[in-house]
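Below is one structure; the comments refer to it alone.
So you know, we letter chains A, B, ... as the sequences are listed, proteins then strands, and number each from 1.
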Amino acid sequence: AQRVTQPEKLLSVFKGAPVELKCNYSYSGSPELFWYVQYSRQRLQLLLRHISRESIKGFTADLNKGETSFHLKKPFAQEEDSAMYYCALSPYSGGGADGLTFGKGTHLIIQP
Amino acid sequence: ETGVTQSPTHLIKTRGQQVTLRCSSQSGHNTVSWYQQALGQGPQFIFQYYREEENGRGNFPPRFSGLQFPNYSSELNVNALELDDSALYLCASSWGQGGQETQYFGPGTRLLVL
């Protein structure tokens, strides 16, 4: 069965500092990886997915199949980045659905 | 464009009772997935409905059941409630079956079982 690990429950950095939220996964096939974000009092929303290779709000994430990682990075943190971040994996590759497998989340706090 | 809505927002039940949670999918979406999020955990996949049929299921017992209607709205039913069923229940809609489509989440229903 697939698994997503986010080793940091809480990450606190100063405004303007670089941010890296770690995500490791275990899955034998070719997964689709996502980062979801939940700002205070808002619903869970997609931040980015690896297949689109986009940079959203200055965040990027690279899928490293060798290290089975999908770390989220931003070079200069902003106060509005404070939120709960979830890494998620979809194992589906055809027929049926296994849904998304989420990590436990990392609470990112950006200090002024 | 209307986003995903869920009702009710909060619910208190006692052990052994039954509960029904409702979800309206985002307009244009034909797939609904349900997740359970316990305190301090990430969401956990319960099941997915695609065109009114259950399309996939996570590791949840049969007392968790669902329905999807022709307008693609959905219900989650939980029978014989247990204390551990206390959680936030999230509904997500998407276009197309499978987990690789982008899923759009509702605000959730918080269930407390006493």
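With hydrophobic clusters built from ILVMFWY side chains whose heavy atoms lie under 4.5 angstrom apart, B/Tyr50 does not share a cluster with B/Phe60. A continuous path of Ile, Leu, Val, Met, Phe, Trp and Tyr side chains, each step under 4.5 Å between heavy atoms, connects B/Leu83 with B/Ile46, placing both in one hydrophobic cluster. Under a hydrophobic clustering in which Ile, Leu, Val, Met, Phe, Trp and Tyr are joined whenever their side-chain heavy atoms come within less than 4.5 Å, directly or via other members, B/Leu76 and B/Val4 fall into different clusters. At a threshold of 4.5 Å between side-chain heavy atoms, the hydrophobic network of Ile, Leu, Val, Met, Phe, Trp and Tyr places B/Leu88 and B/Trp34 in two separate groups.
Nearest approach of A/Tyr86 to B/Gln37, heavy atoms of both residues: OH-NE2, 2.9 Å.
Here ring-ring contact (aromatic ring centres under 6.0 Å, His included) pairs that include residues 37-67 of chain A, with residues two or more places apart or in two chains, are A/Phe59-A/Tyr85.
Between A/Tyr36 and B/Phe105, a ring centre-to-centre spacing shorter than 6.0 Å is recorded.
Residue with the most contacts toward chain A among B/Gly108, B/Ala92, B/Gly106: B/Gly106 (heavy-atom pairs, distance under 4.5 Å).
Other residues, nucleotides and ligands contribute at most 12 non-hydrogen atoms within 6.0 Å of the NZ atom of A/Lys73.
The part of B/Tyr35 that comes within reach of chain A is its side chain, from C-beta onward, which places non-hydrogen atoms under 4.5 angstrom from that chain. Interface remark: A/Leu46 contributes side-chain atoms only to the contact with chain B (heavy atom separation under 4.5 Å).
Contact check for A/Leu100 versus B/Pro43: no side-chain heavy atoms found under the 4.5 Å cut-off.
With values rounded to the nearest 0.5 angstrom, B/Gln6 atom CD is found 8.0 Å from A/Arg43 atom CZ.
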